[in-house]
Participant: 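Please read through the structure below; I'll follow up with questions.
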Amino acid sequence: MVITNITSGDMYNAFLHGAHEVVSNRQFLNRINVFPIQDGDTGTNLSSLMETIINDSTKGETVKQTLESFSDAAIRGARGNSGIIFAQYIYGLSMEISDQEFIDYNQYASASRKAADYAYESIEQPIEGTILTVMREWGEALNRHDGSNNNITELMSSATEVLNAAVTKTQYQLKELRKARVVDAGASGFAFFIHGMLEYFKKGNLIDIESINKVQRETIHVAVEHDMNSKITYRYCTECLLRGNELDTKNMKKILNNLGDSLVVAANNNQMRIHIHSNEPERVFEILRQNGNIEYQKVDDMKKQQDVVLRRKSDIALLTDSIADIPQEFIDREQIHIINMNILFEKTSFIDKLTITPEQLLDYSKDSKDLPTSSQPDEKTIENILIYLSTYYKSLVIMTVSKQLSGTYNTINRVAKRTKFNNFKIDVIDTKQNSGAQGLLVAKAADLIGQGYKHNEIVNIVTNDIPKSKILVRVKTLDNMIKSGRLSTTMGRIGKKVGLKPIVTLDEAGEGKLDSISFTTKGSLNKLVQHVRKIMKSNTIESYNIVHINNLEEAKELEHLFTGLIGKEPRYIVETSSVVAVGAGAGAVALSYILKK
């Protein structure tokens, strides 16, 4: 096609083509991702960004309106370092384009150069040899030509020679890239996008949205060809979408700078996207909630990602939700993947076990008449997790909290059936348990994977163990049971007056029920002891654990008691998830076990 001006439709279709090219190369970008951390997700992050841009944006009457729509979607959908930089680049384009029906080459070239400045400004410490460098050199190459009387396609084609050279040069600008002998993944992703745009300007072929999503689903596993063991100083890739009036990017960078590195802050209008690598995501979000409304948050474990890429222990992946209570060191060692539940309190969303602790949550809500509520991640988040795991593993065992307590099982099952994979087996198991009992079942599955059992054997063994598992929760205060409606206000008031100390459990179907009641703390402990003695008359306890809600002292007392009674120490003691804390209340302690066959 001979194009001398760019219309709104041209810009929209060119972006569609650029997005298609990025998504098509998702696996390649994951494979070469070594900077700043080799976590193998740059392609996945950029693909997710592109899908959000295309699915959530619309073609406007002017080029500027179209770019503004892209920018709004990009800020919402940005993922990872490169994704947020890319979003700010698009915002820069939208700001620097005049609001008219079409633009010429010179206007596009000028806006592209200035858009790179916006991208640089989003970074606290810009590093050359990355996507930033390639964005700048692309804009400068475009501006070396006067396009007043020339074909836009020819001029852009000429500038792509500089673009390609800039991408190649990144391999020699950063020591991590030199060692791995690869170019920068983010820079390469930007180049793919530009080449996709140019493909539209050359041929004019239209790419539909469904074809982009189809490419995303059908990409296959690509082996990693390099070995980079870069040290991870800050473990969690922490991201947030913040809304509010008069959001200040400079001030935000200042107050977050001492909590980690790789800080990127992108903003337009009344929304801001923040990215930082930190060891304290809960502190990051405590600051953020004081500066605006948190609409979206994401925390990725880069250590886990690096282990999967470089030190994967098995071809079988194990995935559970954050309601399963397991020590972090065991999760790390056995490479268990976690779907973290969402917790909503007073219009702020938190990520269970990552951006909120049980102690914080109970402190926030102690004076509120309403309890925080929990929910599983949305289907798109689950789909992204499944696609990511299919990249590195041959099969996947998923073990969820009881479907009687949460929609997690049904949602994951639905996404797993809908998302088509080539030669990637998925089994979704309803554990019919939660908290410590769910954790023991997951730990058992991890043991079996480590011992070399096959996928189907693991599923069968764990499924058979579900009826032999049990959790018994000693509730210390009735306040949260009253707030949640499990006890009426009247019954709760009477219960508190007489000192009611219930023990709650789950039935065979995985639904909550009352196991027993007593009227003193000592009495509820005696109930637990009687239960254990009774089952041990005809059974052997294979393993057990003790979980608690900010009450380690009492958990240790139970450890001493049951070590003597059962004849062995608990597999572990750990604090529960915030989701469990909401229901059980402060100070609760639980005993969970699995019986031997």
Side-chain angles (χ1 to χ4, degrees), residues 36 45-46 48-49 52-53 56-57 64 67-97 110-128 130-136 139 186 190 234 236-300 347-349 355:
N45 288 336
L46 288 178
S48 180
L49 166 65
T52 305
I53 287 174
D56 292 359
S57 59
K64 185 178 184 68
L67 287 171
E68 286 175 341
S69 180
F70 284 141
S71 175
D72 286 341
I75 293 292
R76 291 195 303 274
R79 304 285 188 276
N81 224 337
S82 295
I84 297 179
I85 293 170
F86 211 133
Q88 193 69 354
Y89 175 87
I90 296 171
Y91 172 62
L93 279 177
S94 71
M95 291 296 290
E96 296 300 329
I97 292 291
S110 176
S112 296
R113 180 178 56 76
K114 293 175 182 176
D117 294 337
Y118 284 78
Y120 269 88
E121 290 169 3
S122 69
I123 307 291
E124 180 65 16
Q125 295 178 319
I127 297 175
E128 296 300 334
T130 64
I131 188 174
L132 291 169
T133 305
V134 176
M135 285 174 169
R136 187 193 68 236
F190 179 75
Y234 295 101
Y236 296 103
C237 179
T238 306
E239 296 182 14
C240 172
L241 177 63
L242 196 67
R243 285 192 182 273
N245 297 321
E246 300 180 1
L247 295 174
D248 187 338
T249 57
K250 290 184 178 180
N251 182 59
M252 186 60 67
K253 284 190 275 190
K254 181 180 178 181
I255 60 178
L256 292 178
N257 191 44
N258 66 342
L259 291 180
D261 64 10
S262 296
L263 178 59
V264 187
V265 180
N268 71 351
N269 301 324
N270 60 347
Q271 58 182 358
M272 178 184 291
R273 193 78 185 208
I274 297 103
H275 169 282
I276 185 173
H277 294 172
S278 177
N279 289 327
E280 304 171 288
E282 72 283 358
R283 284 192 61 198
V284 172
F285 283 98
E286 177 64 25
I287 291 171
L288 292 174
R289 75 186 289 262
Q290 297 172 9
N291 286 271
N293 296 321
I294 298 173
E295 289 207 351
Y296 168 85
Q297 54 186 296
K298 179 175 77 74
V299 179
D300 287 335
K347 298 182 180 180
T348 299
S349 179
T355 67

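Numbers here are sequence positions counted from 1. Just so it is clear, the structure is predicted and the values come from calculations on it, not from any experiment.
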Participant: May I ask you to check whether Tyr118 and Tyr89 place their ring centers less than 6.0 Å from one another?
Facilitator: no

Participant: With a 3.5 Å distance limit and no angle check, can you tell me whether His275 reaches the backbone of Ser262 through a side-chain donor-acceptor pair?
Facilitator: yes

Participant: Taking the side chain as C-beta and beyond, is there a heavy-atom pair between Asp248 and Asn291 under 4.5 Å?
Facilitator: no

Participant: Sequence neighbours left out, what passes ring-ring contact (aromatic ring centres under 6.0 Å, His included) with Tyr236? Give chain and number order.
Facilitator: none

Participant: Are there more than 12 heavy atoms of other residues, nucleotides or ligands under 6.0 Å from atom CD of Gln290?
Facilitator: yes

Participant: Can you find a heavy atom in the side chain of Ile85 that is under 4.5 Å from one in the side chain of Leu132?
Facilitator: yes

Participant: Give a yes or no on whether Asn258 atom CG has more than 12 heavy-atom contacts from other residues, nucleotides or ligands under 6.0 Å away.
Facilitator: yes

Participant: Got a donor-acceptor contact below 3.5 angstrom from the Arg243 side chain to the Asn293 backbone?
Facilitator: no

Participant: Quick one, Ile255 and Ile287 - any side-chain contact, counting heavy atoms below 4.5 Å?
Facilitator: yes

Participant: Please tell me if the side chains of Val264 and Ile274 come closer than 4.5 Å, counting only heavy atoms from C-beta onward.
Facilitator: no

Participant: Hey, mind stepping through Arg136 and Glu128 against side chain to side chain contact (heavy atoms under 4.5 Å, CB included) and telling me if it holds?
Facilitator: CA-CA 10 Å; Arg136 187 193 68 236; Glu128 296 300 334; 3.0 Å; yes

Participant: Can you find a heavy atom in the side chain of Cys237 that is under 4.5 Å from one in the side chain of Val299?
Facilitator: no

Participant: Say whether Thr355 and Glu282, considering side chains only, have a donor N or O and an acceptor N or O under 3.5 Å apart.
Facilitator: no

Participant: For residues Tyr91 and Glu68, is any side-chain donor paired with an opposing acceptor at under 3.5 Å?
Facilitator: no

Participant: Test salt bridge (charged side-chain N to carboxylate O under 4.0 Å, His left out) on Glu121 and Lys253 and set out the steps.
Facilitator: CA-CA 11 Å; Glu121 290 169 3; Lys253 284 190 275 190; over 6 Å; no

Participant: Are Arg79 and Glu239 ion-paired here, with the side-chain N under 4.0 Å from a carboxylate O?
Facilitator: no

Participant: Could you check if a side-chain atom of Leu288 sits within less than 4.5 angstrom of a side-chain atom of Met252, using non-hydrogen atoms only?
Facilitator: yes

Participant: A side-chain contact here means heavy atoms from C-beta on lying under 4.5 Å apart; do Thr238 and Phe285 qualify?
Facilitator: yes

Participant: Looking at every heavy atom in both Ser278 and Val284, which two are closest together, and how far apart are they?
Facilitator: OG-CG2, 3.9 Å

